[in-house]
There are 2 protein chains.
Amino acid sequence: MIDTLRNHIVKRLGNDIENLEIVLASFKPIMVKRNEHILRSGEVCKYVYFIAKGCLQVYVHDKDMNDTTRDIVIEDNWCSELISFGSGQAATESIKAVESSELLAIDRRNFQNMMEQVPQFDKVYKQILEASYANSVYRINTFVSLNALERIQWLMEYRPDLMTRLSSKLIASYLGINKDVFSRLKAQL
Amino acid sequence: MIDTLRNHIVKRLGNDIENLEIVLASFKPIMVKRNEHILRSGEVCKYVYFIAKGCLQVYVHDKDMNDTTRDIVIEDNWCSELISFGSGQAATESIKAVESSELLAIDRRNFQNMMEQVPQFDKVYKQILEASYANSVYRINTFVSLNALERIQWLMEYRPDLMTRLSSKLIASYLGINKDVFSRLKAQL
DNA sequence: TTAAAACATCGACTTTTGTCATCGTTTGCT
DNA sequence: AGCAAACGATGACAAAAGTCGATGTTTTAA
């Protein structure tokens with residue numbers, strides 16, 4: 001489990017990282033079951049999670065208690081509610097496990113320590129933030145300019161893995177489409 | 001013009017910044033006329049801009065050459081295509097002036113220098129990035145969960161200034177609504 | 001100042017998307 | 001294994017959003 005994270009870091013920062021093992025030791029392994037929450041909106045997000053295995057859903061409830069999924073994150077990626085994590089304010093989003101997952105969590109104190117002790121780790125945060133930002137920008141532009149059918153086609157082209165891995169309901173909520181509409185449009189392809 | 005930036009920085013980082021004047025001197029003033037581009041998609045974004053006065057539109061073209069506006073940024077804020085600026089890759093978005101504007105531009109080299117010479121300036125970048133990210137997340141969640149009418153109401157509540165300052169066409173494109181639909185719904189409020 | 005262009009609004013119509021109820025299938029749980 | 005719950009597909013209908021053409025208004029630029 002730790003190996004996945006070690007590989008991930010080495011892949012990005014190279015092999016010459018001082019204190020790599022100390023860094024790795026600051027992460028706490030967490031096992032979550034399918035549908036279990038690791039963050040509920042209103043709470044403060046205390047951790048940044050590295051997903052060693054599994055899949056997480058980041059979402060908000062709309063007024064009718066439907067959930068709208070802002071992001072779906074799979075293994076070998078980072079997931080958190082960075083705004084809450086960084087500011088200490090209550091999170092607006094919730095995060096739950098779509099599948100049983102293996103996570104490595106690091107809290108704020110350890111995160112800060114690491115940024116100071118391991119200079120390169122500062123880059124990790126920047127990378128996480130930049131990747132998250134790029135992802136959001138991309139998503140907005142996709143969203144605003146494509147209709148329901150085009151969004152489905154987009155997902156099939158760029159994330160075909162998600163099409164088979166996730167339930168229709170979840171995909172529809174990720175694409176911002178009603179699940180019945182998703183079902184219909186998918187059929188006519 | 002420089003005063004606006006000085007105030008902006010002091011407001012965030014406090015008054016005890018070494019080399020503040022040197023920092024400010026790294027910015028190049030740029031005047032842009034209404035409708036003038038400062039970045040076209042396909043080019044590399046070479047600057048981060050501080051808007052001393054005016055208003056910029058960040059947008060992409062969809063397949064029918066309509067533009068869909070990802071962001072509208074007004075004076076006393078930062079604007080850039082951060083992904084391109086950071087990576088040196090071609091920008092996917094374009095940026096143009098909605099009004100005649102006064103900008104202060106800093107290029108990558110100066111930006112890097114400053115991060116090294118003025119330790120606190122590193123924070124500025126992080127703040128810009130975090131603010132941009134938070135903005136995007138907020139926008140996605142608003143967008144996915146609200147219908148056209150609700151999005152208009154949302155804008156009227158949180159950014160009433162934009163409602164009067166911008167053309168209907170631009171607002172509609174920012175809200176992801178057809179301009180005729182926007183006109184109709186606005187009338188029935 | 002004035003002609004051209006861009007803008008805003010509106011009605012009539014089309015297309016897309018959402019809702020609801022139903023029904024057979026799959027899945028999860030004990 | 002067996003039951004309940006969740007899921008997925010679909011038809012009929014309702015609501016929302018988009019398109020187009022016409023018209024009057026405002027801006028822009030020469």
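Here is the naming used below: chain letters follow the sequence lines, and residue numbers restart at 1 for every chain.
- Here dA5(D) presents its P atom at 15 Å from NZ of K169(A), a figure rounded to the nearest Å.
- For the 3.5 Å distance criterion, the side chains of T69(B) and S173(B) qualify, holding a donor opposite an acceptor.
- Using a 4.0 Å heavy-atom criterion, one finds that S168(A) contacts the sugar-phosphate atoms exclusively.
- Terminal axes of the helix from dT1(C)-dA30(D) to dT30(C)-dA1(D) (five pairs each, C1' rotation axis) are separated by 70°, to the nearest 10°.
- More than 12 non-hydrogen atoms from other residues, nucleotides or ligands lie less than 6.0 angstrom from NZ of K11(B).
- Remark: P of dA16(D) and CG of N178(A) are 14 Å apart, rounded to the nearest angstrom.
- Judged by closest nucleotide on DNA chain C, A148(A) is the one of K179(A) and A148(A) placed further toward the 5' end.
- The nucleotide whose nearest atom lies closest to any side-chain atom of N147(B) is, among dA17(D), dC10(C), dA8(C), dA17(D).
- Taking 4.0 angstrom as the limit, K186(A) places none of its side-chain polar atoms (N or O) nearer than this to OP1 or OP2 of dG8(D).
- A straight line from CG of L170(B) to P of dT27(D) spans 16 Å, rounded to a whole angstrom.
- Across the interface with DNA chain D, nearest-nucleotide mapping of D180(B) and N35(B) shows D180(B) to be the residue nearer the 5′ end.
- Between D122(A) and K126(B) a salt bridge is recorded (basic side-chain N to carboxylate O distance below 4.0 Å).
- The aromatic rings of F27(A) and W78(A) are tilted relative to each other, their planes meeting at an angle between 30° and 60°.
- dG18(D) atom C1' lies 12 Å from atom CD1 of I177(B), rounded to whole Å.
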Distances under 3.5 Å between protein N/O atoms and the N/O atoms of nucleotides 27-30 of chain C, please, pair by pair.
none

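- Between Y49(A) and Y47(A), the ring-plane angle classifies as tilted under the 30° and 60° cut-offs.
- For R70(A) and E93(A), the salt-bridge test passes: some basic side-chain N is under 4.0 Å from an acidic carboxylate O.
- Between E99(A) and the choices R34(A), K53(A), R165(A), the side-chain hydrogen bond (donor to acceptor under 3.5 Å, both in side chains) rule is met once, by R165(A).
- Of the possible donor and acceptor atoms, one in the side chain of E150(B) sits under 3.5 Å from a partner among the backbone N and O of N147(B).
- Rounded to an integer number of Å, the gap from L185(A) CG to dG8(D) C1' is 14 Å.
- Taking atom CD1 on I171(A) and atom C1' on dA6(D), their separation rounds to 16 Å, with Å as the unit.
- One N or O donor and one acceptor, one from the side chain of R184(A) and one from the base of dG18(C), sit under 3.5 Å apart.
- Between Q188(A) atom CD and dT16(C) atom C1' the separation is 11 Å, expressed in whole Å.
- Salt-bridge check for R159(B) with D161(B): passed, with a basic side-chain N closer than 4.0 Å to an acidic carboxylate O.
- Rounded to whole Å, atom P of dC7(C) lies 14 Å from atom CZ of F182(B).
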